[in-house]
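Please see the structure below; I have some questions.
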Amino acid sequence: MAAFGIKCLASMLVMCVLCLSANATNVFVVPPDHPAAAPVFPFTNWITAATNIQEAHDAININDGNIIFITNGQYLLTNQLLVTKGVVLRSWNGGTTDPEGTILDANNTSRVMCISNTVAVLDGLTLQNGNGGAGGNGGGLYAYKALLVTNCIIKNCQGQSYGGGFFMPNNVGAVLGLMTHCQIISNSALIGGGAHLGYGTTGMIEHCTIASNYAGHADPSYGGGGISLMGASTLEPNAVTARWCTITFNTARACGGGVNINYNGGDVENCLIASNYQVRTTGPTRWGSGIYFFKSQATARNCVITCNSNVGNLAAVKMGGGRLENCTVVNNCNGGICDSYTNPSYETGTVVNTISYSNLAYNINATNQIAFTNCCTTIELP
């Protein structure tokens with residue numbers, strides 16, 4: 001989709017929110033230690049504002065786009081916030097949103113938030129110190145359904161299994177409209193340290209910073225220090241897309257230091273995938289310090305993949321299927337592009353209009369499992 005299309009989509013989402021909230025009754029929240037705190041149900045102005053975000057949400061009787069205005073401050077949570085209504089949760093500091101100053105802190109005792117409404121919106125909040133619990137997913141934000149997540153920071157959260165910062169479950173009905181201009185930083189999980197989008201989900205992540213996250217799974221088919229995309233199904237292949245994102249300084253124990261695209265996981269477009277690291281431990285060989293395709297039909301398009309590294313000089317881009325199109329793979333501190341294992345069940349990768357140059361160990365290491373077209377490198381291509 002062109003940039004014009006993305007802008008139109010974002011504008012449509014905003015207009016949808018404005019139309020929904022035109023006749024809504026809004027509610028207000030201040031921190032418990034606010035000097036003027038005097039909550040009176042149903043919390044419809046700053047004088048009678050709630051001091052508990054969940055109580056403000058639950059006070060709303062209609063489901064048509066009410067705005068919960070949350071003034072700047074720190075909100076310590078004892079349980080995860082459950083957003084089941086079509087509301088907008090928006091930070092507010094003197095007339096503008098304030099994500100750095102409006103902090104929802106779970107103190108590592110629970111997940112920060114779970115959303116299950118297709119028109120719910122988050123705008124300008126920090127979600128931090130969340131923990132998905134034993135076997136849990138999405139320490140910061142578990143989004144079964146959401147319309148828009150914008151201008152938010154998700155940091156220092158743990159998902160014990162999937163999606164340290166952000167998680168969408170395996171379900172054809174799981175829908176994310178758009179996550180935009182967010183920071184997903186310093187989170188951890190076994191798979192998808194920063195974010196994980198499961199099979200059957202749909203949505204778009206764009207203009208986000210995904211940095212300094214860690215995925216600790218040892219299986220070579222999993223990983224994704226920054227982001228793990230399993231976000232499509234046979235019904236909707238490649239339905240999740242990450243665009244115009246900066247994916248940097250992430251680490252995976254297994255495959256895909258920056259990005260892991262598994263099976264029909266979604267496309268990655270116009271992204272900087274840089275300075276990610278893949279830790280090769282004992283056991284099967286690990287690959288893809290920048291990006292790893294595993295039996296994939298997805299595409300990485302118009303991306304710069306640079307300065308990634310791993311132990312053993314393995315590839316920055318591992319093509320277990322997948323398509324690399326109009327990309328630059330340069331100055332990685334390990335190999336450039338490598339094909340899949342010789343296992344015939346793996347997909348054949350495709351590399352088109354791509355430059356692979358000045359990578360430390362090699363630029364291309366491929367036999368017959370990658371089809372090259374109009375590429376530039378230092379060896380004769382198969």
Hits for side-chain hydrogen bond (donor to acceptor under 3.5 Å, both in side chains) against Gln160, two or more places apart or cross-chain, chain-then-number order -> Asn131
Q. Mind checking what makes salt bridge (Lys or Arg N to Asp or Glu O under 4.0 Å) contact with Arg323, not counting sequence neighbours?
A.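 Per chain and number, Arg323 pairs via salt bridge (Lys or Arg N to Asp or Glu O under 4.0 Å) with Glu325.
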Here the side chain to side chain donor-acceptor pair (under 3.5 Å) pairs for residues 31-52, sequence neighbours left out, are Asn45-Thr48
Asn137 meets the side-chain hydrogen bond (donor to acceptor under 3.5 Å, both in side chains) criterion, sequence neighbours left out, with none
By the side chain to side chain donor-acceptor pair (under 3.5 Å) test, which pairs, at least two apart or in different chains, include something from residues 103-115?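 Residue pairs with at least one partner in residues 103-115: Gln74-Asp105, Gln80-Arg111, Asp105-Gln128, Asp105-Asn129.
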Members sharing Val330's hydrophobic cluster, built from side-chain contacts under 4.5 Å between Ile, Leu, Val, Met, Phe, Trp and Tyr, are none
Atom pairs and distances, donor-acceptor, side-chain atoms in residues 94-102, under 3.5 Å, two or more places apart:
from: Thr96; atom 1: OG1; to: Asn93; atom 2: O; distance (Å): 3.3
from: Thr97; atom 1: OG1; to: Asn151; atom 2: ND2; distance (Å): 3.3
from: Asp98; atom 1: OD1; to: Gly101; atom 2: N; distance (Å): 3.0
from: Asp98; atom 1: OD2; to: Asn93; atom 2: ND2; distance (Å): 3.0
from: Thr102; atom 1: OG1; to: Asp98; atom 2: O; distance (Å): 2.9

### Query
Does some side-chain heavy atom of Tyr214 sit less than 4.5 Å from a side-chain heavy atom of Asn250?
no
In short, salt bridge (Lys or Arg N to Asp or Glu O under 4.0 Å) pairs touching residues 121-135 with sequence neighbours left out are Arg90-Asp123
Residue set satisfying side-chain hydrogen bond (donor to acceptor under 3.5 Å, both in side chains) with Asn187, at least two apart, ordered chain then number -> Asn213
Exactly one of Ile67, Ile68, Leu122 clears side-chain contact (heavy atoms from CB on, under 4.5 Å) with Val88, and that residue is Ile67
Of all residues at least two apart in sequence or in a different chain, which pass the ring-ring contact (aromatic ring centres under 6.0 Å, His included) check with His181?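 His181: ring-ring contact (aromatic ring centres under 6.0 Å, His included) contacts with His207.
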Check: Pairs in or reaching into residues 125-160: which pass ring-ring contact (aromatic ring centres under 6.0 Å, His included), with residues at least two apart or in two chains?
Finding: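 Listed once each, the pairs are Tyr142-Phe167.
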Quiz item: Under the side-chain hydrogen bond (donor to acceptor under 3.5 Å, both in side chains) test, which residues partner Ser358, sequence neighbours left out?
Solution: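 Ser358 satisfies side-chain hydrogen bond (donor to acceptor under 3.5 Å, both in side chains) with Asn331 once adjacent residues are dropped.
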* Asked: Any side-chain heavy-atom pair from Tyr222 and Asn262 closer than 4.5 angstrom?
  -> yes
